[in-house]
Amino acid sequence: MRKLTYLGHSAFFIEKDWDGILIDPFITGNPLANFDYKKKRITHIVVTHAHLDHLGDAIAISKHTGAPIIAVFELANYCMEKGAKAIGVNIGGKLKFGWGTVKFLPAIHTSSNPDLPYGGLAASVLFDIEGTIIYHAGDTSLMSEFDLIRELYSPYYALLPIGGYYTMDMEDAAVAAKMLYAMEVIPMHYNTFPHIKVDVQKFVDMIEEQGQKCLPLKVNEYVEL
Ligand code: ZN
């Protein structure tokens with residue numbers, strides 16, 4: 001079984017056989033999320049940066065499940081200080097697990113929270129699940145690195161923020177999708193708060209006009225990988 005489930009905002013859950021990889025698990029406090037981590041098998045937690053709408057419940061989930069938080073060094077240290085298990089990497093680092101690999105790549109964004117003034121650099125992350133390449137762009141702005149990411153990794157799925165204000169807006173995300181040349185584009189980081197409310201159908205139209213497939217997943221909707 002290989003599934004990618006959207007949990008709302010920038011949170012996703014990848015399941016591969018007996019492994020469960022949570023990404024940016026902002027569940028508590030997210031009015032759109034409905035995910036009970038106690039009912040799922042979670043083996044790894046990947047966090048792109050320290051903002052609380054991305055770090056979310058990661059520390060509590062790690063404490064409950066024993067799953068390590070994989071994050072940039074400074075953020076990983078903070079998670080360990082809070083009693084979580086963590087693995088600290090840095091931009092460019094790749095880790096290998098039974099389910100595949102995760103590589104930390106650049107993002108143009110910040111990384112802090114009220115309890116952590118400096119969380120290291122913000123990241124985007126690339127997963128290789130038995131040859132299925134999934135790129136989660138984190139909270140980045142539009143950046144020229146997308147060209148290099150396409151050239152080196154050819155992601156099949158691109159998970160892109162479209163809400164604007166804190167990240168790319170949908171116009172920039174459409175450019176990003178074109179640069180990445182992903183087969184399927186999944187929008188994220190929209191409609192959670194008033195600042196990032198968008199009409200997602202407009203984004204779907206833009207992506208389809210470019211000849212790419214857009215999957216605006218509803219919360220808890222999934223694709224089979
Ligand atoms: Zn952020």
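Quick caveat: nothing in here was measured; it's all calculated off a predicted structure. For reference, positions follow the sequence shown, starting with 1. Counting starts at 1 for both ligands and their atoms, in listed order.
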Next on the checklist: If the cut-off is 2.8 Å, does any N/O/S atom of H54 fall short of it from the Zn ion (ligand 1)?
Outcome noted: no
Checklist entry - Does E130 pair with R2 as a salt bridge, N-O distance under 4.0 Å? => result yes
Tabulate below the donor-acceptor pairs under 3.5 Å that side-chain atoms of residues 43-53 make, not counting sequence neighbours, or state none.
{"unit_1": "T43", "atom_1": "OG1", "unit_2": "D19", "atom_2": "OD1", "d": "3.2"}
{"unit_1": "T43", "atom_1": "OG1", "unit_2": "G20", "atom_2": "N", "d": "3.1"}
{"unit_1": "T43", "atom_1": "OG1", "unit_2": "G20", "atom_2": "O", "d": "3.2"}
{"unit_1": "H44", "atom_1": "ND1", "unit_2": "W99", "atom_2": "NE1", "d": "3.0"}
{"unit_1": "T48", "atom_1": "OG1", "unit_2": "D24", "atom_2": "OD1", "d": "3.3"}
{"unit_1": "T48", "atom_1": "OG1", "unit_2": "D24", "atom_2": "OD2", "d": "2.7"}
{"unit_1": "H49", "atom_1": "NE2", "unit_2": "H51", "atom_2": "ND1", "d": "3.2"}
{"unit_1": "H49", "atom_1": "NE2", "unit_2": "H109", "atom_2": "NE2", "d": "3.3"}
{"unit_1": "H49", "atom_1": "NE2", "unit_2": "D139", "atom_2": "OD2", "d": "3.2"}
{"unit_1": "H51", "atom_1": "ND1", "unit_2": "H109", "atom_2": "NE2", "d": "3.1"}
{"unit_1": "H51", "atom_1": "NE2", "unit_2": "T110", "atom_2": "OG1", "d": "3.3"}
{"unit_1": "D53", "atom_1": "OD2", "unit_2": "H9", "atom_2": "NE2", "d": "2.7"}
{"unit_1": "D53", "atom_1": "OD2", "unit_2": "H189", "atom_2": "NE2", "d": "3.4"}

Checklist entry - Closer than 2.8 Å to the Zn ion (ligand 1), do we get an N, O or S atom from D139, backbone or side chain? => result yes
Checklist outcome for this item: Looking only at heavy atoms, the pair that brings Q210 and V175 closest together is OE1-N, 4.5 Å
Next on the checklist: Tell me whether the rings of Y135 and F146 are parallel (<30°), tilted (30 to 60°) or perpendicular (>60°).
Outcome noted: perpendicular
Next on the checklist: Can you tell me which N/O/S atom of H51 has the shortest distance to the Zn ion (ligand 1)?
Outcome noted: ND1
